[in-house]
Amino acid sequence: MRTRAGACEEVTVETQRIPVVNAGEYDVVIGRGLGDELERAMPAGAKKALLVHQPVQARRAEAIRERFAGRVEVLTAEVPDAEDAKRIEVAGFCWGVMGQADFTRTDAVLGLGGGAVTDLAGFVAATWLRGVPFVALPTSVLGMVDAAVGGKTGINTTEGKNLVGAFAAPAAVLADLDVLETLPRNDVLAGFAEVVKCGFIADTAILDAVLADVDAATDPASPVFADLVARAVRVKAEVVGEDFRESGRREILNYGHTLGHAIEYAERYKWRHGSAISVGMVFAAELARLVGRLDDDGVALHREVLGSLGLPLTYPSGRWDTLKGAMRRDKKSRAGLLRFVLLDGIGRTSILNGPEDHLLFTAYGEIGE
Ligand code: GLY
């Protein structure tokens, strides 16, 4: 626990510990600093640890190396930013470092960075000697509430994203909110789209908090922000606890992602993920209205909440064929039929299987610009 002094008030920020059960057994710890938590999370018996990190995290990586000096030999592996990290060559580089250092099954991997780094580092840990302990140290909002939680690890191939990977639960996830305070504002807001997604699919108090005070809700220094991150993690923990290997309920976490992934593809991954799923959620809301599952107010709420975060709500008309083609390759598709996670009212999800093209096209018209 640490006390932070604000300009006009003093607030107490508790460290929150959210258990993930039935999907591995581990805690997601949300707080500030978290050095002592890392001491606790370092697997007993680890003599060596590979710390995989983004270039921008080099200073923190060095601090971790020094903290464990004389006890655990921390080897660092700097990997490229974003999706460039999720390549077989980069995984091979990490395996090479471990091989050269004679890593054993009791040694550990730490992943310090955004979602791409924790996906890669988790994959390296899952595959080395068929699995060594992994501790995720996410440094982005998206990483904290989504990528690092739930045990999905993987890399991309030239044919697509996340095509190679493993479900492998981490030993712990430590989300140090202090690291977010230096992130560009637009990255925080885009990552927050995943928090809001958890509001739409399950915990509507998240939406209320954003509408009540969007600045507090999205300020990493604010206790409101800490509470909302914790709420989103609880939603994810509950869902993955029910369906670790995504044979059913876990797909609700992909709300807004069917069109969102297609937009990312159409934009050659230049859009932030959160921006793409923002448009994807508005599209899903429009589709839900067309099939009678969501009323006008429910759709308007999407625009109000996502718009208050400054996230995009529209997408250029005229790109439907590209988007439709990309959606057909979505992992949720079954036997060539598209599947959408829709809302059956705010906070309640349902699945729409194989909607007719004209419905999709009409919903697309509603988000057109
Ligand atoms: N990002 C969706 C999931 O973890 O299932």
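Every number for a ligand or one of its atoms is a count from 1 in the order of the listing. Excluded from the calculations below are hydrogen atoms, water molecules and symmetry mates; all remaining heavy atoms, backbone and side chain alike, are included.
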Please state whether K236 comes within less than 4.0 angstrom of ligand 1, counting heavy atoms only. yes

Mark yes or no for whether D107, through its side chain, and K47, through its backbone, hold a donor-acceptor pair below 3.5 Å. yes

Does any donor atom in the side chain of H273 or H257 lie under 3.5 Å from an acceptor atom in the other side chain? yes

Taking the six-membered ring for Trp, are F340 and F283 parallel (under 30°), tilted (30 to 60°) or perpendicular (over 60°)? tilted

If you measure every N or O of D146 against every N or O of ligand 1, does any of those distances drop under 3.5 Å? yes

Would you confirm whether R87, through its side chain, and E83, through its main-chain N or O, come within 3.5 Å as a donor-acceptor pair? no

Can you pull out the closest protein heavy atom to atom 5 (O) of ligand 1? Residue, atom name and distance to 0.1 Å, please. R250 NE, 2.7 Å

